[in-house]
Structure formats: C-alpha cells, structure tokens
Amino acid sequence: MSKKKVAILISGRGSNMEALIKVCQDASFPASIELVISNKKEAYGLEIAQSYGIQIQSLNRKNFPNDNEFDNKISAILKENRIEIICTAGYMKILNADFISMFRDKIVNIHPSLLPKYPGLNTHLRAINAKDKKSGATVHFVTEELDSGPIIMQGSVPIFSNDSSEQLSRRVLEIEHKMLVTAISLICAEKIKKRKDTIYFENKKLSKKGISFNHLMEQR
Ligand code: GRF
C-alpha cells in the first residue's frame, strides 16, 4: 500500500508534529508528511518542519477578509498537494463548517484531556482543580462541534497529588506523541474506518471511548 499524504496544521511548538515527521521517515510507515501549515508565522514548529526538509506554509488570518476565505485558502493548498489526511496538532484556530464537511472523516485532532471531559483550553489545570485522579489525551475525528468528534483513541496517565499544570502537561504530552503516531499509522494503513458516527478498528466496532492506548501498549 502506498503512503498516505498527510498535512499537519499547527500554531506553535510543534512537538506532536515532530513526533509524526520522525516516524514518517521510516519507509515502512504508512504516511508521508507532505506539508505543514501554520496560522502563526512565528510558530517554532515551522522551523522544525523546515529542518526536516518538509514544505511549510504560513498564513496570516489578517490578510484575509474573513475566516471562510482563510479556510478556503488552506483547503486550496491541501487540494493542490493532494492531501489525504489532515492532522491538527496544536492548531489554535477553529475550522469552519465548510472546511470540515469538505474533508469529512479526513481531519484528525489531538486534544490533551480525556474527552468528553474538558474540551477547549486549560485542560490540565481543570483536571487538577477537579481533583481528578487521571488525565490523558484523545485522538478524534474533527466535526463541527469543538473537540466533540468521534473518538479514535484515548490514553491516560495518573495525576499525582502535588502535580502542577506544567508537570501534568509534560506527562500527557509524552503519551500524546506516542498516541498520535499510533493513531495516524492505523488510519493510514486503513485499519481504522469510520461509517456514520461509528469507528471500526480492524472491522470491529469501537466503543465511544475509542481504542484504549494503554491497553494497546500492554498487548504489544
Ligand atoms: C498539545 O497538547 C495538543 O494536544 C494540543 O496542543 C498541544 C500542542 O503541542 N492540541 P505541540 O505544538 O504539538 O507541542
């Protein structure tokens, strides 16, 4: 099977992006990163992508009359590059409904909480303040409702009693990198499929929580 063409949308640091770029260098990995797009020209991730020789584009929303035109430009770039899967990894801008419907079931996001808990921002602080015993990350398909699309994979980590939001964020980020790589690999190898709102993994229907990353790792 040929590698699927993947684009990554970022706004900042790009550590999830780099984790993906690294594994894609392996000839047997089923994806190739064709393009990294940022809505922030100062995003550090752009420098990282460039250092790997990946095509980068940065677009400033201020140069477009509205959000629709901005997203239209991104979708035109994605089409020109024949992108098959779009990964939003720390992309801090909401995609508009037309964009999402144009790339239905092709946009994959990583979010640093155990959704449906804590969509949106400040997830680690919210989990600590709620005295949760665990947190984690979720990889999901993007739908029109923010951080609410069908869940592909979830992985959890413990929250310790004295955790700061930075400490928890580091622990979650470590699992994010592994999860994103695993999920993109399964999607690009066509082992994960979505029909209507149900996700199938190797033809078995998944629960609403998706694949348990922790369980998957125990099996390996
Ligand atoms: C990650 O925690 C990701 O889950 C969230 O934004 C952060 C991006 O980090 N959506 P990075 O840019 O990949 O380092």
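Note that ligands are numbered from 1 as they come in the structure, with each ligand's atoms numbered from 1 the same way. This structure is a prediction, so every number in the text was calculated from the model and none was measured. Heavy-atom basis, side chains included; hydrogens, waters and symmetry copies ignored.
At under 3.5 Å, a nitrogen or oxygen of Ile110, whether backbone or side chain, sits near a nitrogen or oxygen of ligand 1. Geometrically, ligand 1 and Asn109 share no nitrogen or oxygen pair separated by less than 3.5 Å.
No side-chain donor from either of Asp67 and Asn96 sits under 3.5 Å from a side-chain acceptor of the other. Judged purely by distance below 3.5 Å, without hydrogens or angles, the side chains of Asn81 and Glu34 never pair a donor atom with an acceptor atom. Side chains of His111 and Thr123: no donor on one and acceptor on the other come within 3.5 Å.
Here the protein heavy atom with the shortest distance to atom 5 (C) of ligand 1 is Pro112 CD, 3.8 Å. Protein heavy atom closest to atom 11 (P) of ligand 1, with residue, atom name and distance, is Ser15 N, 3.4 Å. For atom 6 (O) of ligand 1, the closest heavy atom belonging to the protein is Gly90 CA, 3.5 Å.
Near Gly14, meaning under 4.0 Å from any of its heavy atoms, are these atoms of ligand 1: 11 (P), 12 (O), 13 (O), 14 (O).
Salt-bridge formation is not detected for the pair Asp132/Arg126: no Lys NZ or Arg NE/NH1/NH2 atom is positioned less than 4.0 Å from an Asp or Glu carboxylate oxygen.
Of the listed residues (Met179, His177, Glu176, Arg13), the one carrying the non-hydrogen atom nearest atom 3 (C) of ligand 1 is Glu176.
Atoms CD1 and CD, on Ile48 and Glu18 in that order, are 4.5 Å from each other to the nearest 0.5 Å. Within the model, atoms CZ of Arg61 and CG of Asp71 stand 9.0 Å from one another, a figure rounded to the nearest 0.5 Å.
In this structure, Ile10 does not count as a contact residue of ligand 1, since none of its heavy atoms falls inside 4.0 Å of the ligand.
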